[in-house]
Amino acid sequence: MKPGRERGDYAAPSPNIVHYLTTLDTRWTGQTLGFTCHTGDLSWEELIAWVQSAEKLGYSAFCTTEESGKDAFAVLAVLARETKTISLGTAIVNFYSRTPTLLAMSARSIHDLSGGRFGPFGLGAGGIGFMQRGHGIVVEKPLARAKETVAIVRGLLTQKKFSYDGQWFKPQEFHLREGPIGETAPPIWLAGLGPKMVRTAAEVADGVIANWLTHESLAEYRGLIEGGAGSAGRNSADVQIATLLMTCVDPNDEAAIFAARRGIAFYCASEHYLHIADICGLGADARRVKAAWEERDFDRATGLVSDELLDKFCLVGTPEKNAERIQWLFANGVYPIIYPLPRRERMVEDHHSVLEQVSRWAQVLEAASPDR
């Protein structure tokens with residue numbers, strides 16, 4: 001068998017295993033909202049209460065991150081028992097610190113515990129700083145690693161027996177003891193910032209998580225997705241686009257604006273985000289922030305976040321302006337995942353406040369929809 005080719009115990013559907021990608025899941029289309037947070041910022045009790053309140057507000061999915069906080073799948077396992085209707089997904093877990101087989105086992109576990117509510121299954125390379133400093137892992141060949149991970153995870157979740165002869169992993173005639181999930185397996189999304197990863201996501205995954213989404217970057221992403229999907233014999237319309245939507249809790253409060261600038265500064269420090277700043281005409285601004293952050297002068301880096309950077313990459317306007325931005329995402333088929341930027345001294349209150357505010361904006365949009 002040639003490297004990177006998979007086989008199951010039955011013939012793969014035509015044209016290939018991405019048969020399972022041909023219909024977008026209705027949970028991520030239309031005027032629906034997801035949400036996320038840094039799970040380490042809330043206690044277990046606070047996190048459970050927050051997600052339960054979001055479920056009552058009508059959010060469609062909680063998508064846990066994984067940095068130096070709580071283990072992502074432990075969070076989802078607890079929430080599977082503490083919630084009733086909301087989808088429970090990841091956005092993202094990295095594909096270096098877990099094997100594809102372990103990722104598939106985790107997905108199967110949360111699927112069962114939640115009664116089929118697991119998804120989306122967001123995967124990515126992880127932040128370089130976090131991977132290197134935290135895990136002690138050098139991020140190498142992320143495109144090939146992404147392709148191999150998606151193929152194996154999807155194979156194990158959809159086929160009765162699965163083999164794959166990969167560069168890193170070679171499962172042979174393997175199956176999950178509880179069986180595959182099948183065609184209802186969760187959609188697999190890849191985090192994509194750079195052009196090559198976005199194109200890869202369009203080739204092999206169900207969707208792409210494209211942060212810092214703007215008019216300029218969406219136009220570029222659309223072209224990359226069309227090219228990647230086309231090269232794989234797919235319809236680009238079948239590739240879901242999602243984005244983490246950074247949200248300021250109170251644009252009229254100095255401490256809240258500082259928290260929002262700090263959030264933007266943290267991402268400016270990552271090389272991956274500079275490309276997006278460049279195509280928005282704000283590359284020089286972002287690089288000034290990055291230079292200060294690398295000197296570990298975090299407050300100066302925060303102060304260097306220009307109003308233009310803040311306005312471009314964060315919901316920091318009036319309720320009307322913020323609602324218009326969410327409507328623009330909906331109109332372009334993008335699934336927004338609300339990402340609160342709380343004040344340290346009001347951590348719990350701000351998490352709740354952000355979701356309540358965004359829910360009101362979405363309700364205004366729904367009431368104004370011509371389809372109603």
Side-chain angles (χ1 to χ4, degrees), residues 6 8-10 13 17-21 23-28 32 34-37 39 44-45 47-52 54-56 59-66 69-95 97-124 149-164 169 171 173-190 205-207 209 240 242 335 337:
E6 68 271 10
D9 63 336
Y10 56 88
I17 200 169
V18 291
H19 161 77
Y20 294 101
L21 314 181
T23 303
L24 285 178
D25 193 317
T26 56
R27 287 177 293 177
W28 328 119
T32 59
F35 65 108
T36 189
C37 72
T39 57
W44 281 100
E45 292 75 15
L47 179 63
I48 291 167
W50 184 58
V51 175
Q52 288 174 334
E55 184 175 48
K56 294 176 183 177
Y59 283 82
S60 64
F62 171 67
C63 303
T64 187
T65 60
E66 186 176 62
K70 298 173 177 62
D71 174 80
F73 292 107
V75 167
L76 297 181
V78 169
L79 292 175
R81 294 307 181 93
E82 297 287 349
T83 59
K84 299 180 183 304
T85 59
I86 198 166
S87 293
L88 302 168
T90 61
I92 63 169
V93 291
N94 79 80
F95 47 61
S97 62
R98 291 183 175 92
T99 68
T101 298
L102 184 56
L103 287 167
M105 291 166 58
S106 298
R108 175 77 218 213
S109 296
I110 305 303
H111 172 85
D112 292 346
L113 283 170
S114 65
R117 290 184 285 131
F118 178 57
F121 197 175
L123 302 171
T149 298
V150 170
I152 296 172
V153 170
R154 183 180 287 117
L156 290 171
L157 291 178
T158 59
Q159 298 189 28
K160 294 179 181 179
K161 286 186 180 180
F162 183 76
S163 294
Y164 190 92
F169 306 103
E173 295 298 312
F174 192 74
H175 67 279
L176 300 182
R177 191 173 184 87
E178 294 160 305
I181 296 173
E183 292 195 27
T184 60
I188 300 174
W189 296 353
L190 282 176
D206 303 89
I209 305 172
Q240 178 68 59
Y335 181 67
I337 301 173

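The residues of the chain are indexed from 1 along the displayed sequence.
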Task: Donor-acceptor under 3.5 Å (T65 side chain, T39 main chain) - done: no
Task: Any donor-acceptor pair under 3.5 Å from T90 side chain to G122 backbone - done: yes
- [ ] Before giving the answer on side chain to side chain contact (heavy atoms under 4.5 Å, CB included), spell out for L190 and L123 the whole-Å C-alpha distance, their side-chain angles and the decisive distance to 0.1 Å.
- [x] CA-CA 5 Å; L190 282 176; L123 302 171; 4.2 Å; yes
TODO: Check whether any side-chain heavy atom of L156 sits under 4.5 Å from a side-chain heavy atom of P171, and report yes or no.
DONE: no
- [ ] List the atom of R154, the atom of A205, and the distance in Å for their closest heavy-atom pair.
- [x] NH2-CA, 3.9 Å
TODO: Identify the two heavy atoms, one from L113 and one from A77, that lie closest to each other, and give their separation to 0.1 Å.
DONE: CD1-CB, 3.8 Å
Open item on the list: Ignoring hydrogens, what is the shortest heavy-atom contact between G34 and S60? Give both atom names and the distance.
Closed with: N-OG, 4.3 Å
Open item on the list: Could you measure the distance from the OG atom of S87 to the CZ atom of F62? Nearest 0.5 Å is fine.
Closed with: 12.5 Å
Task: Any donor-acceptor pair under 3.5 Å from R98 side chain to S106 backbone - done: no
Task: Ion pair D112/R177, N-O distance below 4.0 Å - done: no
Open item on the list: For the CD1 atom of I110 and the CG atom of L79, what is their distance to the nearest 0.5 Å?
Closed with: 9.0 Å
Open item on the list: Please check: side-chain N/O of D206 versus main-chain N/O of I188, any donor-acceptor pairing under 3.5 Å?
Closed with: yes
Task: Distance (rounded to the nearest 0.5 Å) between H175 NE2 and K160 NZ - done: 11.5 Å
Open item on the list: Give me the atom names and distance for the closest heavy-atom approach of A151 to F162.
Closed with: O-CZ, 3.6 Å
Open item on the list: Taking I48's backbone N and O only, do any of them form a donor-acceptor pair with E82's side chain (distance below 3.5 Å, no angle check)?
Closed with: no
Open item on the list: Quick check for you: to the nearest 0.5 Å, what is the distance between F169 atom CZ and T101 atom OG1?
Closed with: 8.0 Å
Open item on the list: Looking at every heavy atom in both P100 and V153, which two are closest together, and how far apart are they?
Closed with: O-CG2, 3.4 Å
Open item on the list: Under 6.0 Å between ring centres: does that hold for F121 and F118?
Closed with: yes
Open item on the list: Whether the side chain of R117 engages the backbone of L88 through a donor-acceptor N/O pair (distance < 3.5 Å, no angle test) should be reported.
Closed with: no
Task: Donor-acceptor under 3.5 Å (E173 side chain, K161 main chain) - done: no
Open item on the list: Within the structure provided, determine whether D71 and E66 are in side-chain contact (heavy-atom separation under 4.5 Å).
Closed with: yes
- [ ] Starting at OG1 of T149, measure out to CG of N94 and round the result to the nearest 0.5 Å.
- [x] 9.5 Å
Open item on the list: Can a donor-acceptor pair be found, under 3.5 Å and without considering hydrogens, that links the side chain of R108 to the backbone of L157?
Closed with: no
Open item on the list: By the definition side-chain contact (heavy atoms from CB on, under 4.5 Å), identify the one residue from V51, T36, V93, L76 that meets it with T64.
Closed with: L76
Open item on the list: Using 0.5 Å steps for rounding, measure from the CD1 atom of I86 to the CZ atom of F35.
Closed with: 4.0 Å
Open item on the list: I need the minimum non-hydrogen distance between C63 and I337, along with the two atoms involved.
Closed with: SG-CD1, 4.1 Å
- [ ] Answer whether the closest heavy-atom distance between the side chains of F73 and S109 falls below 4.5 Å.
- [x] no
